[in-house]
Amino acid sequence: MFSSKIFWSNTDYPLLLSGMLAWGWNWLGRESPLWAPLVYLGFYLSCSWILVWYLSLRISPASGWIGGTLFLVLMPYLQNSVRQFADVPVTFFITACGLTLAAALRSNQGKLFAVSGLLGGLAAWTKNDGVLFVGWIYVLVGAICVLRCLGRSKDPFASLRWFTLGAFLPLLAAGALKFFPETHGVYLGSGVLQKYLRNDPSPLITGWPRIFTIFKAFYLEMSRPDKWKGLWGFFILAVIAIGIRKEKPRGDYPWILFGIVILVNAGYVAIFYITRYNLIWHLRSTLDRLVLHSGLLALAFCFEGLGAFSPKFARPDPGSQEKISP
């Protein structure tokens, strides 16, 4: 990866997938055209299996298998896997990080926080969108730790330390690619932010019309029945269902997946707003893939909000426990 003799067209881009392909070819002894499709197929099926795992333990085995099957009918994920875009692999790591984080908060197990951190770090190593995702997770976990501190919980920042421990190595690998003394400055997060903002000094849309255009584009993309089968409509219904639900056990964190979905998409809205690339071109070329990143977390949240059975893991407030298990 760091060889000065090899030209990388996008030198600032995280290279986890490139490394996987190079490793596979080295293992096989040749550059087999079948290896890349197998890698992407593995990530595609893993997205389904992570939903089966989470929903089976969270609600019921039937919910797990139904959720995993529903994922398979969402065509954007299959199409992007066939096209070998990095969005499905980063979706897997984002989804796995979010679901294990929810499980860690409910069980208060330190090792689960570390696993969540590892998966979040791998998301950052896979695609630059994952860097933004990890930033939001730190904001979310940090806010929860502050609330625990205000509630006088014992060692309220332990979960943040465990998460950082798990994320350290993959974030270090991604950071090395960002700051290694080679050519930089292609993507946001590498080089100088001001240079990124000056790519197009005369954007076509500014101010409130720009914000309206961005939200309209999100609405049009998320409301397409041929792609999402009504997923985002059910997401709104799940928000309403949890909001009016009378029983809200302490320590169950019913809004954790909702918060991650909103933060991820809010980050993309902010990037669309500040970028000086042509807005319409930027939306058309990237939005359909960016929505993928939070889709599976939204699907899991729908089952939690609209599920016929009460969640199994309704636990007492983690702040009341003595410590996080090692």
Q) Are the side chain of T100 and the backbone N or O of A96 linked by a donor-acceptor pair below 3.5 Å? A) yes
**Q.** Any V239 side-chain heavy atom under 4.5 Å of F301 side chain
**A.** yes
Q) Is a side-chain N or O of T126 found less than 3.5 angstrom from the main chain of L16, in a donor-acceptor match? A) no
Q: State, to 0.1 Å, how close L306 and A241 come at their nearest heavy-atom pair, and which atoms those are.
A: CD2-CB, 3.9 Å
(Q) Let me confirm one number: the CG-CG distance from L45 to L41, rounded to the nearest 0.5 Å. (A) 4.5 Å
**Q.** Atom NZ of K229 with >12 non-hydrogen neighbours under 6.0 angstrom
**A.** yes
Q | F212: ring-ring contact (aromatic ring centres under 6.0 Å, His included) partners, not counting sequence neighbours | A | none
Q. Do I256 and L140 come close enough that some side-chain heavy atom pair is under 4.5 Å?
A. yes
Q.
Could you work out, with salt bridge (Lys or Arg N to Asp or Glu O under 4.0 Å) as the rule, every residue matching R83, not counting sequence neighbours?
A. none
Q: Give a yes or no on this: more than 12 heavy atoms of other residues, nucleotides or ligands lie within 6.0 Å of atom CZ of F234.
A: no
Q | R224 and D288 ion-paired at < 4.0 Å | A | no
Q. Just wondering, do L297 and V264 contact through their side chains at under 4.5 Å, heavy atoms?
A. no
**Q.** Side-chain ion pair, R161 and D155, N-O less than 4.0 Å
**A.** yes
Q: Take K227 and E221 through the test side chain to side chain contact (heavy atoms under 4.5 Å, CB included) and record every step on the way to the result.
A: CA-CA 8 Å; K227 285 188 173 184; E221 175 63 28; 3.2 Å; yes
Q. Got a sec, which pairs hit side-chain hydrogen bond (donor to acceptor under 3.5 Å, both in side chains) with one end in residues 19-35, sequence neighbours left out?
A. none
**Q.** Test log, rule side chain to side chain contact (heavy atoms under 4.5 Å, CB included), inputs L257 and L99
**A.** CA-CA 8 Å; L257 297 184; L99 297 182; 4.0 Å; yes
**Q.** By ring-ring contact (aromatic ring centres under 6.0 Å, His included) - contacts of Y268 (at least two apart)
**A.** H293
Q: State which residues pass side chain to side chain contact (heavy atoms under 4.5 Å, CB included) with A217; sequence neighbours excluded, sorted by chain then number.
A: L283, L287
Q.
Could you tell me if the side chain of N265 sits less than 4.5 Å from the side chain of V261, heavy atoms only?
A. yes
Q | Student check: side-chain heavy atoms of P254 and E304 closer than 4.5 Å | A | no
Q) Is there a chain of hydrophobic side chains (I, L, V, M, F, W, Y, each step under 4.5 Å between heavy atoms) that links I50 to L122? A) yes
Q) Taking side chain as C-beta onward, heavy atoms only, is V141 less than 4.5 Å from C145? A) yes
Q | Sub-6.0 Å ring centroid separation between F93 and F133 | A | no
Q. Side-chain donor-acceptor pair under 3.5 Å between T95 and Y54, yes or no?
A. no
Q | Verdict with reasoning, C47 to L296, per side chain to side chain contact (heavy atoms under 4.5 Å, CB included) | A | CA-CA 8 Å; C47 287; L296 301 193; 3.6 Å; yes
Q) Taking the six-membered ring of F303, is the NZ or CZ of R58 close enough (under 6.0 Å from the centre) and on axis enough (within 45°)? A) no
Q: Kindly indicate whether the side chain of F43, heavy atoms from C-beta on, has any atom under 4.5 Å from the side chain of V90.
A: no
Q | Spacing of I137 atom CD1 and I260 atom CD1 [to the nearest 0.5 Å] | A | 4.0 Å
**Q.** side-chain hydrogen bond (donor to acceptor under 3.5 Å, both in side chains): pairs with one or both residues in residues 40-51, sequence neighbours excluded
**A.** none
Q.
Are the side chains of R289 and K127 in contact, using a 4.5 Å heavy-atom criterion?
A. yes
Q | Geometric class of the F71/Y77 ring pair [parallel <30°, tilted 30-60°, perpendicular >60°] | A | tilted
**Q.** side chain to side chain contact (heavy atoms under 4.5 Å, CB included) partner of P76, chosen from L292, V88, V291, T91
**A.** L292
Q: Flag the pair W255 / F258 as yes when their ring centroid distance falls below 6.0 Å, and as no otherwise.
A: yes
**Q.** From CA spacing to verdict: side chain to side chain contact (heavy atoms under 4.5 Å, CB included), F163, F168
**A.** CA-CA 9 Å; F163 185 88; F168 177 75; over 6 Å; no
